[in-house]
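Values in this document were obtained by computation on a predicted structure and should not be read as measured data. Proteins come first, then strands; the chains are lettered A, B, ... in the order of their sequence lines, and each starts at number 1.
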Number of protein chains: 2
Amino acid sequence: MAIAAISAKRSATRLPTGSAARSFDRRLGEILRHATDVFYEKGYEGASMRDLSRASGMSLAGLYHYFESKEKLLYLIQRTTFRTIIDRVQERLAVGKDPEERVRIFISNHLGYFLANKKAMSVLSHEDDTLKNGYGQEIAAIKREYYRICLELLEDLKRAKGLEFPARIAVLSLFGMMNWFYTWHNPRVDADAEALSRQMGDIFLSGITRPAGGTGNLRGRRPRKV
Amino acid sequence: MAIAAISAKRSATRLPTGSAARSFDRRLGEILRHATDVFYEKGYEGASMRDLSRASGMSLAGLYHYFESKEKLLYLIQRTTFRTIIDRVQERLAVGKDPEERVRIFISNHLGYFLANKKAMSVLSHEDDTLKNGYGQEIAAIKREYYRICLELLEDLKRAKGLEFPARIAVLSLFGMMNWFYTWHNPRVDADAEALSRQMGDIFLSGITRPAGGTGNLRGRRPRKV
DNA sequence: CATAATATCGAACGTTCGTTCGGTATTGTC
DNA sequence: GACAATACCGAACGAACGTTCGATATTATG
């Protein structure tokens, strides 16, 4: 989960030595993992600190040695997950040249990470608006950063191919397709990450790579007013 | 909201006369509307009965005259919303002949209703898995009914045009696009229901109406393994 | 106008909530 | 092995939770 040096509850006192810090972070990581499971099962509000205590095999009071509040715990989970997926996609984008391939890399990275870390990503999606004030703003900023990466990939694609489509709607539609799937994906029925990425990529990419011009409506047909 | 004869809390005793029943249902409808607002703002678990009492201007105990539990309240909101949107789409589909037009009608109905009833639909989406046991099964059954309508529209389209695409993934991608948008839609920035339906319809429909055959991957390009 | 049914309420019930306190094990350092 | 820092815990705190009870207004019906 790559929690290195999260330092959830150290600031006032002198930092401890290296090995102690490492063991602290390792233990905190375990707690975060268990908390992710519980938040995934019961939702943030529905999960109690006693649930977390039970799941992580640590006493209720003992948990507070590692973080100062339930809110901070959700914040740490969301931040770690977001940062990791952003780091990974940037790493992978470094080797992609073709604009369309780069969009596929983004999709494949997102779905691949989602499938491999279903619970954490579900908590990220489902508790999207749960955090308020400071923590909420920080997470929102990271989310914007991630959104912007995707937006720029699509803008590049538009430029390179001379396409015309509303980029904002396209980005958010893509995120919708990808993020919604935690509500239905069944590993026994549905394809794996690679096939899923190809399928969704096909739908999305051929959806936006229509040639420019016209009303943007297929064969000029207009939907009935609703 | 069309709550007619919901009868949230009547079964044992003889049913009251028409006018009394009507006033009961009207009041219950008001409570459901206020509860929808509160659930939208704070989430189901995060909203307390005292919040609902404050929002609807009725005492805490008084609420229980109209329904027997907080759970039932969410159930009533979800059932009413679902039934209404299903009724409407079936009404509108009755006049559509062309398979593609029918898919557009479905999209336009969903987004149009979503925009006009943003809070109720958000509660439907966000509290997707909140209800357990009996209530949960009932809502899940209605959801399957709605899913099936959309699936059959896409199967019809496949047949009519000789297309090849994974219908299940397509349906769920479409629902993803449409349902995710409550997390980002801003009426001051984003288009209205009609334009939004056209844009999403364009992306989705030209996404799935690629000609059949081949790997299903654009220009044979394969995404890097993740 | 009496009377039954409906609508509404203040107060309380028992439970669970997130968090804290004071303390004891356990561990690392010299 | 002494000593300080770290890790952990049982018990409790006050607040908030969903729900119920007994009673009183309000309304509809004869």
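- The distance from atom CZ of A:Phe24 to atom P of C:dT27 is 17 Å, rounded to the nearest whole Å.
- A:Ser48 and A:Asp51 are linked by a side-chain donor-acceptor pair at a separation below 3.5 angstrom, with hydrogens and angles left out of the test.
- In this entry the distance linking CD1 of A:Ile31 with P of D:dA7 reads 10 Å, nearest Å.
- No side-chain heavy atom of A:Tyr135 sits less than 4.5 Å from a side-chain heavy atom of A:Leu74.
- Here the P atom of nucleotide C:dC9 and the CZ atom of B:Arg27 are 8 Å apart, to the nearest Å.
- Between B:Leu28 atom CG and C:dT6 atom P the separation is 16 Å, expressed in whole Å.
- Rounding to whole angstrom units, CZ of residue A:Phe67 and P of D:dC8 are separated by 12 Å.
- In this structure, CZ of A:Arg26 is placed 11 Å from P of D:dA7, rounded to the nearest angstrom.
- The interatomic distance linking A:Lys72 (NZ) with C:dT19 (C1') rounds to 16 Å, in whole Å.
- At C:dA7, one or more side-chain N or O atoms of B:Ser23 fall inside 4.0 Å of OP1 or OP2 (strictly under the cut-off).
- Between the side chains of A:His126 and B:Asp128, no donor N or O sits under 3.5 Å from an acceptor N or O.
- Ring centroids of A:Phe106 and A:Tyr146 are separated by less than 6.0 Å, placing the two rings close together.
- A 6.0 Å sphere centred on CZ of B:Arg148 holds no more than 12 heavy atoms belonging to other residues, nucleotides or ligands.
- Donor-acceptor pairing under 3.5 Å is recorded for the side chains of A:Asn109 and A:Arg92.
- Using five terminal pairs a side, the axes of the helix from C:dT3-D:dA28 to C:dC30-D:dG1 at its two ends make an angle of 10°, given in steps of 10 degrees.
- Figure legend: cation-pi geometry between A:Lys70 and A:Tyr44, with NZ or CZ positioned under 6.0 Å from the six-membered ring centre and within 45° of its axis.
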Per-nucleotide protein contact string for nucleotides 12-26 of chain D (B base, S sugar-phosphate only, - none; heavy atom under 4.0 Å): B----BBBBB-----
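- A:His65 has a side-chain polar atom (N or O) that falls below the 4.0 Å cut-off from OP1 or OP2 of D:dA7.
- What separates CE of B:Met58 from P of C:dG10 is a distance of 12 Å, to the nearest Å.
- Counting heavy atoms from C-beta on, the side chains of A:Val123 and A:Lys119 never come closer than 4.5 Å.
- Between A:Tyr75 and A:Glu138, the side chains place a donor N or O and an acceptor N or O closer than 3.5 Å (distance only, hydrogens not considered).
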